[in-house]
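The structure appears below as structure tokens.
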Amino acid sequence: MDFLTGGSKNTWQPVMGPDTTTSSYWLNWRLFLCCLWILTSMALASYLITKYEGGPNNRKSRSRDDDDEQEEDDYGGVLYDDEVWKPCLKGIHPAWLMTYRIFAFIVLLILIILNAIVDGGSIFYYYTQWTFTLITIYFGIGSCCRYTDATNITTKLVIEEFDEEHATITNLPNAAKSIRRKDQNHARQVAGFWGYTFQIIFQMQAGAVVLTDCVFWFIIMPFLAMKDYNLNFFIINMHSINAVLLVGDTALNSLRFPWFRIAYFVLWTCVFVVFQWIVHACIALWWPYPFLDISSSFSPLWYLLVALLHVPCYGIFVLVIKLKHFLLTKWFPDSNRYVL
């Protein structure tokens, strides 16, 4: 109980509503409609994952010939191991991307720890802290990329590029053919479990960060302003620095962004809602977000609107990815290695 209700007075807590532990609170038509939205969302998300998610065990290493490259383009869920740690431009050394991720991980970890110390464990009652913790985990995994392997593979690619340029300069057809055969036989290793987990978290928290920050600054913030609520350091940073660091990583990394992984984003939010329902069914507590309270006759509409809001929030980041690809293709055509 202390973990959920304890905390600093700096943390804004809504006024207690009806007793959520009574059966009359739950057994009504409002809960039925809200459950319908949740179950429908989870069913659609599960369908997308089942249909399009290849998974690390369903893909093997591919040789880089024309047919395989075309198949790779058709299959949006494939992820190669080198795409986890390689920057999107050949001129950027992988160490820079790893350094950025280590820096972001340290900053986010310090902020979430300080926030927990100042405001107590009740901060993890909010979707914001769930998302903030998820993006911290993302950068934590990214900080563990194998720098030694990255250096070795980078050196190998430099040597191969030098051999190809040397063959072109000396005009040796046999040498060029040998290099082409070696390039065709060279297989790119498909990412393993942690590589796919890393990419999935990237896409989950991409949508979650946009949803969190947009809901706070455009919906909750105006309400708090009317209540003369003063923003503190943690409130501002929890709804800003996550997006800044995420956009920075997005600008540097080579991770693809297949559209169907919006399913994980939807499941992430559904798990949060179900968690809130279970907690409130057992303990009489205030709701972290007013629109989660199903005592209002408008609650099914709120649930539906928030569910539909996932599409534009995820779509915003899809546009960011497409803009990135367009700019890289236009400005760095020879150095760009990013694939949509």
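In this text, all values refer to a predicted model and were calculated from it rather than measured experimentally.
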Query raised in the report: Angle class for the Trp26/Trp277 ring planes (parallel below 30°, perpendicular above 60°, tilted otherwise)?
Result: perpendicular

Query raised in the report: Quick one: are Ile135 and Phe105 in side-chain contact, heavy atoms under 4.5 Å?
Result: no

Query raised in the report: Given the rule in the salt bridge (charged side-chain N to carboxylate O under 4.0 Å, His left out) test, do Arg261 and Glu53 qualify, once you have shown the distances and angles that lead to the verdict?
Result: CA-CA 8 Å; Arg261 290 207 176 107; Glu53 185 63 84; 2.9 Å; yes

Query raised in the report: Which heavy atom of Ile49 sits nearest a heavy atom of Leu267, and at what distance?
Result: CD1-CD1, 3.7 Å

Query raised in the report: Can you tell me if Trp37 uses its side chain to pair, donor with acceptor, with the backbone of Pro300 under 3.5 Å?
Result: yes

Requested in this report: Heavy atoms only: give me the nearest Ile38-Cys270 pair and the separation to one decimal.
Outcome: O-SG, 4.1 Å

Requested in this report: Find out whether Lys324 and Cys88 are in side-chain contact, i.e. whether some heavy atom of one side chain is under 4.5 Å from a heavy atom of the other.
Outcome: yes

Query raised in the report: Heavy atoms, side chains only, cut-off 4.5 Å: are Arg101 and Asn253 in contact?
Result: yes

Query raised in the report: Cluster question for you: counting only ILVMFWY and a side-chain heavy-atom cut-off of under 4.5 Å, with indirect links fine, are Val215 and Leu308 together?
Result: yes

Report task. Return yes when atom CH2 of Trp259 has more than 12 non-hydrogen atoms of other residues, nucleotides or ligands closer than 6.0 Å, and no otherwise. Result -> yes

Query raised in the report: Taking the side chain from His310 and the backbone from Val306, do they hold a donor-acceptor pair closer than 3.5 Å?
Result: yes

Query raised in the report: Are Met42 and Leu36 connected in the hydrophobic side-chain network, where two residues link if heavy atoms are under 4.5 Å apart?
Result: yes

Query - Asp293/Tyr25 under side-chain hydrogen bond (donor to acceptor under 3.5 Å, both in side chains): CA gap, chis, key distance, verdict - result: CA-CA 10 Å; Asp293 187 359; Tyr25 181 86; 2.4 Å; yes

Query raised in the report: Is the Trp130 ring parallel, tilted or perpendicular to the Phe275 ring (thresholds 30°, 60°)?
Result: tilted

Report task. Apply the test side-chain contact (heavy atoms from CB on, under 4.5 Å) to residues Tyr80 and Arg256: give CA-CA distance (whole Å), side-chain angles for both, the deciding distance (0.1 Å), then the verdict. Result -> CA-CA 10 Å; Tyr80 294 105; Arg256 308 187 190 199; 3.7 Å; yes

Query raised in the report: How are the rings of Tyr289 and Phe291 set to each other: parallel, tilted or perpendicular (split at 30° and 60°)?
Result: parallel

Query raised in the report: Is the closest side-chain heavy-atom distance between Leu97 and Asp249 below 4.5 Å?
Result: yes

Query raised in the report: With a 4.5 Å limit on heavy-atom distance, are the side chains of Trp331 and Asn336 in contact?
Result: no

Query - Spacing of Leu134 atom CG and Phe139 atom CZ [to the nearest 0.5 Å] - result: 11.0 Å

Query raised in the report: If Ile, Leu, Val, Met, Phe, Trp and Tyr residues are connected whenever their side-chain heavy atoms lie under 4.5 Å apart, and connections chain through other members, are Ile241 and Ile106 in the same group?
Result: yes

Report task. Check the pair Tyr126, Thr131 against side-chain contact (heavy atoms from CB on, under 4.5 Å), reporting the backbone distance first and the verdict last. Result -> CA-CA 9 Å; Tyr126 291 90; Thr131 301; over 6 Å; no

**Report entry** 4.5 Å side-chain heavy-atom contact, Arg30 and Ser296
**Finding:** no

Query raised in the report: Is the backbone N or O of Lys86 less than 3.5 Å from a side-chain atom of Ser254, with the two atoms forming a donor-acceptor pair by type?
Result: yes

Requested in this report: With rounding to the nearest 0.5 Å, note down the distance linking CE in Met204 to CH2 in Trp268.
Outcome: 5.0 Å

Query raised in the report: Is the backbone of Leu246 close enough, under 3.5 Å, to the side chain of Thr250 for a donor and an acceptor to pair up by distance?
Result: yes

Query raised in the report: Only one of Phe202, Phe265, Tyr338 forms a ring-ring contact (aromatic ring centres under 6.0 Å, His included) with Phe257, so which one is it?
Result: Phe202

Report summary line: Nearest heavy-atom approach of Ala284 to Thr21 is N-CG2, 3.5 Å

Report task. Measure up the His280 and Tyr125 rings against each other and bin them: parallel (under 30°), tilted (30 to 60°), perpendicular (over 60°). Result -> parallel

**Report entry** Heavy-atom side-chain contact between Phe132 and Leu108 under 4.5 Å
**Finding:** yes

**Report entry** Student check: side-chain heavy atoms of Asp81 and Val190 closer than 4.5 Å
**Finding:** no

**Report entry** Test item: Arg337 side-chain N/O and Pro87 main-chain N/O as donor-acceptor pair under 3.5 Å
**Finding:** yes

Query raised in the report: Under the 3.5 angstrom rule, does the side chain of Asn242 hit a backbone N or O of Leu245 as a donor-acceptor pair?
Result: no

Query raised in the report: Of all heavy-atom pairs between Pro258 and Tyr314, which one has the smallest distance, and what is that distance?
Result: O-OH, 3.3 Å

Query - Heavy-atom pair with the smallest gap, counting every atom of Tyr303 and Leu292 - result: OH-O, 2.8 Å

Requested in this report: In sequence, state the C-alpha distance, the side-chain angles, and the governing distance for Thr128 and His239, and then conclude on side-chain hydrogen bond (donor to acceptor under 3.5 Å, both in side chains).
Outcome: CA-CA 8 Å; Thr128 297; His239 298 90; 3.1 Å; yes

Report task. Spell out, as yes or no, whether a donor-acceptor pair under 3.5 Å connects the side chain of Thr22 to the backbone of Asp19. Result -> yes

Query raised in the report: Could you go step by step and tell me if Phe32 and Asn28 meet the side-chain contact (heavy atoms from CB on, under 4.5 Å) rule?
Result: CA-CA 7 Å; Phe32 172 78; Asn28 52 66; over 6 Å; no

**Report entry** CZ on Phe198 to CH2 on Trp194, rounded to 0.5 Å
**Finding:** 12.0 Å

Query raised in the report: When hydrophobic residues are tied together by side-chain contacts of less than 4.5 Å, even through go-betweens, does Val271 share a cluster with Trp287?
Result: yes

**Report entry** Donor-acceptor contact present, side-chain Asn115 to main-chain Leu111, <3.5 Å
**Finding:** no

Query raised in the report: Does Tyr196 reach the main-chain N or O of Ala191 with its side chain, forming a donor-acceptor pair under 3.5 Å?
Result: no

Query - Point-to-point distance, once rounded to the nearest 0.5 Å, from OG1 of Thr20 to CH2 of Trp286 - result: 12.0 Å

Query raised in the report: Roughly how far apart are Lys330 NZ and Leu327 CG, rounded to 0.5 Å?
Result: 8.0 Å

**Report entry** Heavy-atom pair of closest approach, residues Val210 and Phe317
**Finding:** CG2-CD1, 4.0 Å

Requested in this report: Report yes or no: do Val320 and Val339 belong to one cluster of Ile/Leu/Val/Met/Phe/Trp/Tyr joined by side chain heavy-atom distances under 4.5 Å?
Outcome: no

Query - Point-to-point distance, once rounded to the nearest 0.5 Å, from CG of Leu285 to CD of Gln276 - result: 8.5 Å

Report task. Before giving the answer on side-chain contact (heavy atoms from CB on, under 4.5 Å), spell out for Ile112 and Thr133 the whole-Å C-alpha distance, their side-chain angles and the decisive distance to 0.1 Å. Result -> CA-CA 7 Å; Ile112 195 68; Thr133 302; 4.2 Å; yes

